[in-house]
Amino acid sequence: MDTILSIGIIFKNDIRCIERCLKALQPLRDAVPCELVMADTGSDDGSRAVAEKYADTLFDFPWINDFAAARNAVIDRCTGEWYLSVDTDEYMDEDVEEISQFLLTENQSCNLCRVTIRNYRDYSMDGSYADFYTLRMVRLSIGARYQGAIHEAWTGLERAGSALQFTKTIFHHDGYVNMAQNPEKLKRNMSLLRDKVKSDPKNLLTRLQIIESGFQEPDYLDQLKKSLSMVKRKVAGWKLFGPPIFRHAVSIAHDRKLAEFQKWADQAEEWFPDSYFVRIDVKVHRMLESFEREEYAESVRQGEALLEAYADYRAGRGDLNCQACSTLQMASPYHERTVRLCLASACLEDGKAERALALLQELEFSHLDRVQTENLTKALCALHMRSQEDTDSLVLAAWEGITAPEPDEKRAEERRLTFMVFGSAAFTANYQQDEAKKADFCRHACGVFAPLAEKCGLGLAASILGTEDPEEMAALLARVDKWAELPFPALSRSIEAGVEFPLPEKPLNVESMDELAGRLAADWGVFFPMVQRTAEEDFTQNWQKLSWARGLSLNALQRHNWKNGREEDGMALARFFADVEKVFLPRCYNPQVLAEENLSVLPPMHRFGWYCVQAFDALDKGDVIGYTHLLRKGLAAHEGMKAVVEFLTDHTPQLQAVQPDPELLDLAEKVRGMLSVYPEDDPAVAAIKQSPVYQRVAHLIEE
């Protein structure tokens, strides 16, 4: 059978994507008699070896800074009835039925066909994209050729008639993802475009291409304003290229907070009210601008108009061919979800809770990304706090959606963790204090998660805070699988209510206890009374109680404000720490390890704890000098405890009541004089410090 379709490709160093592109063409090549003609413009990265496996014709074409020349060289070697141009950084969608049926049917009245190029914003290629309709397939007999060194376009189409738009034939393209990180490619493109505009300064298409490629150029705003001026003067092509040019102007004005934003947005809507570049792209920026200015009623108005535009666009109403000259930046389902979330928030701010609820219910939760999940979580909290709307079914649906493995388990886990993190914020004291100050406060936002008691820690926490019954609290705590994901106010509330913790039926390891104690210590106003209660209890009865007391005491010692905290609090915490260490150390370590000469094998906090135990024992026996000396040794064992030691030496009542003996002071001065004669590393210094005389006055010398 004669060749029906010639597929043409030019490439250079495209090893990242060339095989993906060529594999994706195979279903079309299987369905229609095809040939694949490829030109290598100078690869040295292995791309050519890949092309050899797929191409019917493969040749070298030296690069001469002219895309049209390279593409025309490919066309010259083609024998098919139709020609389809493909780039290596795109791949054809697996649904080829539309284009294959067209090619296998007599279509004598049609000479030109457009396909959809779907430009993605990241390499995950799911959700955030912009579609572009472009002429990619022509009947070779009409003599069409390419023209233009950069952003080359077809010529010779004067008698070809109108183009047929394929609605299901899509090429997925990720070549623009890292364009900003490819300065050489940008520099090349801009050089070619500037040469082009010099030769044809009134060409609005070239002006548009400069705007779209030169966003990092120092004269970007000047180029943009020149293009706007040409549109306002109605130079040739102004109706076609004016909407995307205005779209770029409004976008950059919003991003850079330019004074022209309102003027350009108004002009765009006045001149091109029916263009999707205005109805969608410009409207998105107007909506966001209003929201940022806290003009919520206006943001709602713009958002509702946007949803109408999206509905028309999805239904194929209006001029979809506008995308033949540029991409719609905000038309993807991803951006529509973002708009719905923003509109829901604006509705809440504008007192339209019922509408906000409806908007959130319409979301495809399994398609959200991390940022959208964050905004959803905040919107759920705000809706619950500001209204009496029944949010139970919405929250359950949201949880099922965000945890669904779409597009994969990794994205689902990212959404779940985001939901947990931003949901946990609603349980904090500061958050709830801020809520209560709002004029439209109805109930605490954390209650929105109560329906998830069977699903996650947020639901368990909300249920715990919703009951006064300690037995019910304990039963709920017993269902916790991941303590790190339980908002800590639920645990502190349970302990305050008298729930025994750790739960007897749910023992914890030391690492989990330390982590929980550390999280609880972040709220000192709740944590310190908890430590006080534990200090008054018998924490020696079992390992769980003792380990929990250890975790509390360690965190209390490290978190307390030793410089400005209350004196009685500091003394109580130090005593509690010593009491716990006195029981914990001999139960955990061999007596030989706890000999002073072997303490170096202990962790720093336990070394310090050993000396604290000995120091308080000395103090209780009336040996204040020994107390001071042992504290100094504890500091040497763990220098991070300097604030604790300084506090104790300054605030221990027995120590303050002792006035140094004048003879001891005189002796201390003499010993200092002896030490000053020798360098610190001199053996004589060590000998003096080992002497009985030095030991008598060490607490005075080392102060």
Under 3.5 Å, sequence neighbours excluded: what are the donor-acceptor pairs made by side chains of residues 526-538?
residue: Thr534; atom: OG1; partner: Met530; partner atom: O; Å: 2.9
residue: Asp538; atom: OD1; partner: Thr540; partner atom: N; Å: 3.1
residue: Asp538; atom: OD1; partner: Thr540; partner atom: OG1; Å: 2.5

Without placing hydrogens or testing angles, list every side-chain donor-acceptor pair under 3.5 Å for residues 499-506, not counting sequence neighbours.
residue: Lys506; atom: NZ; partner: Ala478; partner atom: O; Å: 3.4
residue: Lys506; atom: NZ; partner: Val480; partner atom: O; Å: 2.9

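Contacts of Phe419 classified as ring-ring contact (aromatic ring centres under 6.0 Å, His included), with partners at least two apart in sequence or in another chain: Trp399, Phe449. Scanning for side chain to side chain donor-acceptor pair (under 3.5 Å) contacts around Lys621 gives an empty result, with sequence neighbours left out. Listed by chain and residue number, His444 satisfy the ring-ring contact (aromatic ring centres under 6.0 Å, His included) test with Phe441 (two or more places apart in sequence, or in another chain). Remark: His384 engages no residue in a ring-ring contact (aromatic ring centres under 6.0 Å, His included) (not counting sequence neighbours). Partners of Ser512 under the side chain to side chain donor-acceptor pair (under 3.5 Å) rule, at least two apart in sequence or in another chain, are Asn509. Remark: Glu567 pairs with no residue by the side chain to side chain donor-acceptor pair (under 3.5 Å) rule, at least two apart or across chains. Residues satisfying the side chain to side chain contact (heavy atoms under 4.5 Å, CB included) criterion with Ala595, sequence neighbours excluded, are Glu597, Asn598.
The ring pair (Phe, Tyr, Trp, His ring centres under 6.0 Å) pairs that include a residue from residues 421-440 number zero, where partners must be two or more places apart or lie in different chains. Each side chain to side chain donor-acceptor pair (under 3.5 Å) pair with one or both residues in residues 574-584, not counting sequence neighbours, appears once here: Arg575-Asp620, Glu581-His606, Lys582-Asp617. Sorted by first then second residue, the salt bridge (Lys or Arg N to Asp or Glu O under 4.0 Å) pairs that include residues 383-398, not counting sequence neighbours, are Glu349-Arg386, Arg386-Asp440.
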